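What follows is a single structure, written as structure tokens, with notes after it.
Model, not experiment: these values are computed from the prediction.
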Amino acid sequence: GDSVTQMEGPVTLSEEAFLTINCTYTATGYPSLFWYVQYPGEGLQLLLKATKADDKGSNKGFEATYRKETTSFHLEKGSVQVSDSAVYFCALSDGGSQGNLIFGKGTKLSVKP
Amino acid sequence: SQTIHQWPATLVQPVGSPLSLECTVEGTSNPNLYWYRQAAGRGLQLLFYSVGIGQISSEVPQNLSASRPQDRQFILSSKKLLLSDSGFYLCAWSGPSGLSYEQYFGPGTRLTVT
């Protein structure tokens with residue numbers, strides 16, 4: 001079945017460092033791909049998405065490119081801030097009528113001043 | 001715009017007591033609705049999803065149940081809570097089989113079973 005694999009955390013960075021969180025997927029069809037962010041004690045927020053190969057999703061300085069050839073959707077940010085500290089989830093949708101998402105296990109990011 | 005509400009925000013219940021968590025969505029019609037559980041320090045586990053009133057699919061066998069009495073209302077219930085039911089419960093909605101499949105999450109309910 002379809003699956004998502006994220007790099008294990010936690011990831012600790014200093015403010016203004018470059019961020020990469022790796023995400024790879026396995027899918028039989030042509031999934032849509034998503035990154036969600038969860039701040040402490042809150043629900044998940046959609047951060048960005050890409051619906052087809054070579055699409056780049058971007059939001060709040062974060063970017064991820066849908067790479068079909070490497071089945072990857074890595075999250076990047078050029079300069080992280082303390083406020084980016086959160087758990088990040090990669091997810092895919094296989095496009096079924098029920099709209100189910102398959103989530104990775106999440107990567108906790110801590111940014112130190 | 002669409003909003004999703006969950007209540008209560010936090011709940012402490014003794015083992016063996018009943019449970020009812022409610023989720024409502026505003027600003028959309030005929031959404032797909034989902035219940036997830038997130039145990040401490042762990043990922044998301046899909047519990048139930050619904051594509052319409054009265055239509056519930058269960059992903060994991062357990063002592064929880066779900067109901068959808070109205071188009072934009074989704075309820076998670078239990079007759080007798082277990083210690084293992086503790087966790088962070090998240091409700092989410094998505095558009096009905098549209099062009100994109102992102103889900104939008106509520107603020108969650110923190111359940112502690114004592």
Which residues in residues 82-91 of chain B have any heavy atom closer than 4.5 Å to a heavy atom of chain A? B:Phe88, B:Leu90
Assess whether atom CD of B:Gln73 is packed by more than 12 heavy atoms of other residues, nucleotides or ligands within 6.0 Å. yes
Could you check whether any side-chain heavy atom of B:Leu44 comes within less than 4.5 Å of a side-chain heavy atom of A:Leu44, counting everything from C-beta outward? yes
Output, in order, the C-alpha distance, side-chain angles, deciding distance and verdict of side chain to side chain contact (heavy atoms under 4.5 Å, CB included) for B:Tyr34 and A:Asn100. CA-CA 9 Å; B:Tyr34 310 85; A:Asn100 288 358; 3.3 Å; yes
What part of B:Gln6 is in contact with chain A, defined as an atom under 4.5 angstrom from a non-hydrogen atom: side chain, backbone, both or neither? neither
Considering residues, nucleotides and ligands other than A:Tyr30, do more than 12 of their heavy atoms fall under 6.0 Å from its OH? no
Heavy-atom cut-off 4.5 Å, strictly under: side chain, backbone, both or neither for A:Gln45 against chain B? neither
Hydrophobic clustering (ILVMFWY, side-chain heavy atoms < 4.5 Å, transitive) - are B:Leu11 and B:Ile75 grouped together? no
Quick one: CD on B:Gln103 to OG on A:Ser93, what's the gap to the nearest 0.5 Å? 8.0 Å
Is any side-chain heavy atom of A:Gln38 closer than 4.5 Å to one of B:Phe105? no
Counting only heavy atoms not in A:Glu16, do more than 12 sit closer than 6.0 Å to its CD atom? no
Spacing of OH belonging to B:Tyr49 relative to CG belonging to A:Leu101, to within rounding of 0.5 Å: 12.5 Å
